[in-house]
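As C-alpha cells, the structure follows; a few thoughts come after it.
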Protein chains: 2
Amino acid sequence: MTKRLNQLVKKIDTSTEEKILAAAKKVFVRKGMSGARMQDIADEAGINKALLHYYFKNKEKLFEVIFVEAGNRLFPKINEIFNSDIPLFEKFEKFCDEYITMVMDNPYLPLFVLNEINQDPEMFLEKLWPNTAKPNPSKFLAQIEAEVKKGTIKKVSPMELLINLIINGCFPICC
Amino acid sequence: MTKRLNQLVKKIDTSTEEKILAAAKKVFVRKGMSGARMQDIADEAGINKALLHYYFKNKEKLFEVIFVEAGNRLFPKINEIFNSDIPLFEKFEKFCDEYITMVMDNPYLPLFVLNEINQDPEMFLEKLWPNTAKPNPSKFLAQIEAEVKKGTIKKVSPMELLINLIINGCFPICC
DNA sequence: ACTAATTTTGACTAAACGGTTAAACCAATT
DNA sequence: AATTGGTTTAACCGTTTAGTCAAAATTAGT
C-alpha cells in the first residue's frame, strides 16, 4: 500500500536529480561559482550534502552543468535567428522578443554567464561554444551592409550590434 | 651607507599601503569579493599576509575601500555632467568620451562593480551612494522631454537611456 | 517475505582560508 | 650603544569548506 503510494508520489514528485539541478541553478546563478556553497545547494534542495557528490562528482562538474545550461539559454538560437533568411529588422524584433522574455524570466542569468566567462574564458570556449551552433555571420553581415548602403541604418560593426543587443537585454526593465 | 640607501629607496618606492591597495584592486576586480584570496593579494603586493591585517582590519574592510574607489571611478561625474547646463547632445558626447576612456583603462571594472552591487545591493546604497553627488535628474529629464517634443529623439525613459550608456560602455571595443 | 541493488544520511577528514600573536627588524632619538 | 616606536614576518589557530565513507533506509526483483 505505502509502497505503491510511494512509487506514485515518486513519479509525481520531481526526482532528486531535478531538485539538485534546480537548487544548484538558483544558488550558482545568484552567488557565482566561487560564492556558492555546496551546503547551500543541499539545503536549497532539501537533501544531504553527500547526495550532491553521489549525483555529481564534485562542485566543478555540477557547476559545469548549470553553466552550460545557462549559456545555452542565454545564447539560445542567436545564430538560428541571425542566420535565417528573414529580413534584418524582423530578426531584430524576433531576437529582442525571445531574448527579453527569457531575461525577464531569469533576471540574474546574463550577469552570471558574463561574469563566469570573464573568470574562466577557456571553459566558455571548451564547454559552451562547442555545444552552440556555430555562427555564420556572413549572411547577417551582408544584410547589415545592404541596409547601410540603403541608408536605413548607420554603419555599424555587426559584432558590436549583436553585443549591444545582448548587453542591453540584461537590464530590460529594472531600476 | 645601506641605511641611507634604504631611506632613499623607501621614499622613492611606493608605500606599503599603496602597494596593498594596488594589489587588492587588481585581485578583487578580477576575482570578485568571494573569489579573491587574502594570500593572493599579499603575494601580488609582495608582502606578508599579516601585513594586510595590519593596514586594513579584515578582508571586508579592504574590499570596501576598493569597491568604493571603483564605484566612484565608474560613476564618476555622471551627475556633474548630466546636471550641468550644457546641451543634451554635448552631455552624451562628454559622458561617452570620459566614460569609455575610463573603461578602456580599467576593462574589468564595470562588470566587477555591477556584480558586487548585485551580490550585496545594501552595501552599494550604504557605502557608494552616499559618497556620490546625489542626482538631480530634473534637468536631464527636462532636456530629454524637450528633444522628444522637437522630434530629434524618440521617446525614451531617461533612466533607461542612462543605463544603456553605462552598460554599453562596458564593451566598447572587445570581441 | 527475503534478498540484492539503489538511494540517502550522519559523521568524519583534509585542505584552504581568514585572522591572530609574539617575535624580529629597522630607522630615528638620546 | 641603548632605547623606542613603527613596520614586517613566520608560525600558529579556529573555522569553513569540499569531499569521503560506511552504515542506514528505501526500493525493486524473486
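Below, chains carry the letters A, B, ... as their sequence lines are ordered, and counting in each starts from 1.
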Next on the checklist: Considering every strand and a 4.0 Å limit on heavy-atom distances, what is the contact class for Leu52(B): base, sugar-phosphate, or nothing?
Outcome noted: nothing

Select base, sugar-phosphate, or nothing to describe what Tyr55(A) touches, counting heavy atoms under 4.0 Å on all strands. sugar-phosphate

Interatomic distance where [atom1] belongs to [X] and [atom2] belongs to [N] [whole Å]:
X	N	atom1	atom2	result
Phe56(A)	dA18(D)	CZ	C1'	16 Å
Asn58(B)	dT15(D)	CG	C1'	15 Å
Lys59(A)	dT17(D)	NZ	C1'	8 Å
Leu51(B)	dA11(D)	CG	P	17 Å
Lys19(A)	dT7(C)	NZ	P	14 Å

| request: Using a cut-off of strictly less than 4.0 Å, decide whether Thr16(B) has a side-chain nitrogen or oxygen near OP1 or OP2 of dT7(D). | output: no

**Asked** Any side-chain N or O of Tyr54(A) under 4.0 Å from OP1/OP2 of dT8(C)?
**Response** no

Apply ring-ring contact (aromatic ring centres under 6.0 Å, His included) to [X] and list each qualifying residue two or more places apart in sequence or on a separate chain.
X	value
Phe124(B)	Trp129(B)
Tyr54(A)	none
Tyr108(B)	none

In short, salt bridge (charged side-chain N to carboxylate O under 4.0 Å, His left out) pairs touching residues 100-124 of chain A with sequence neighbours left out are none

Under 3.5 Å, which protein N or O atoms sit close to an N or O of nucleotides 20-23 of chain D? Give each pair with its distance.
none

CD of Glu145(B) to NZ of Lys150(B), rounded to nearest 0.5 Å, is 13.5 Å

So NZ of Lys25(B) and CG of Leu62(B): to nearest 0.5 Å the spacing works out to 13.5 Å

Sorted by chain and residue number, the side chain to side chain contact (heavy atoms under 4.5 Å, CB included) partners of Glu60(B) (sequence neighbours excluded) come out as Asn58(B)

The correct set of residues in residues 20-39 of chain A placing a heavy atom under 4.0 Å from DNA chain C is none

For residues 28-48 of chain B, the ring-ring contact (aromatic ring centres under 6.0 Å, His included) pairs (sequence neighbours left out) are Phe28(B)-Phe63(B)

Donor-acceptor list for residues 35-46 of chain A side chains, cut-off 3.5 Å, not counting sequence neighbours:
from	atom 1	to	atom 2	distance (Å)
Arg37(A)	NH1	Ser34(A)	O	3.4
Arg37(A)	NH2	Ser34(A)	O	3.3
Gln39(A)	NE2	Asp43(A)	OD1	2.9
Glu44(A)	OE2	Lys26(A)	NZ	3.1

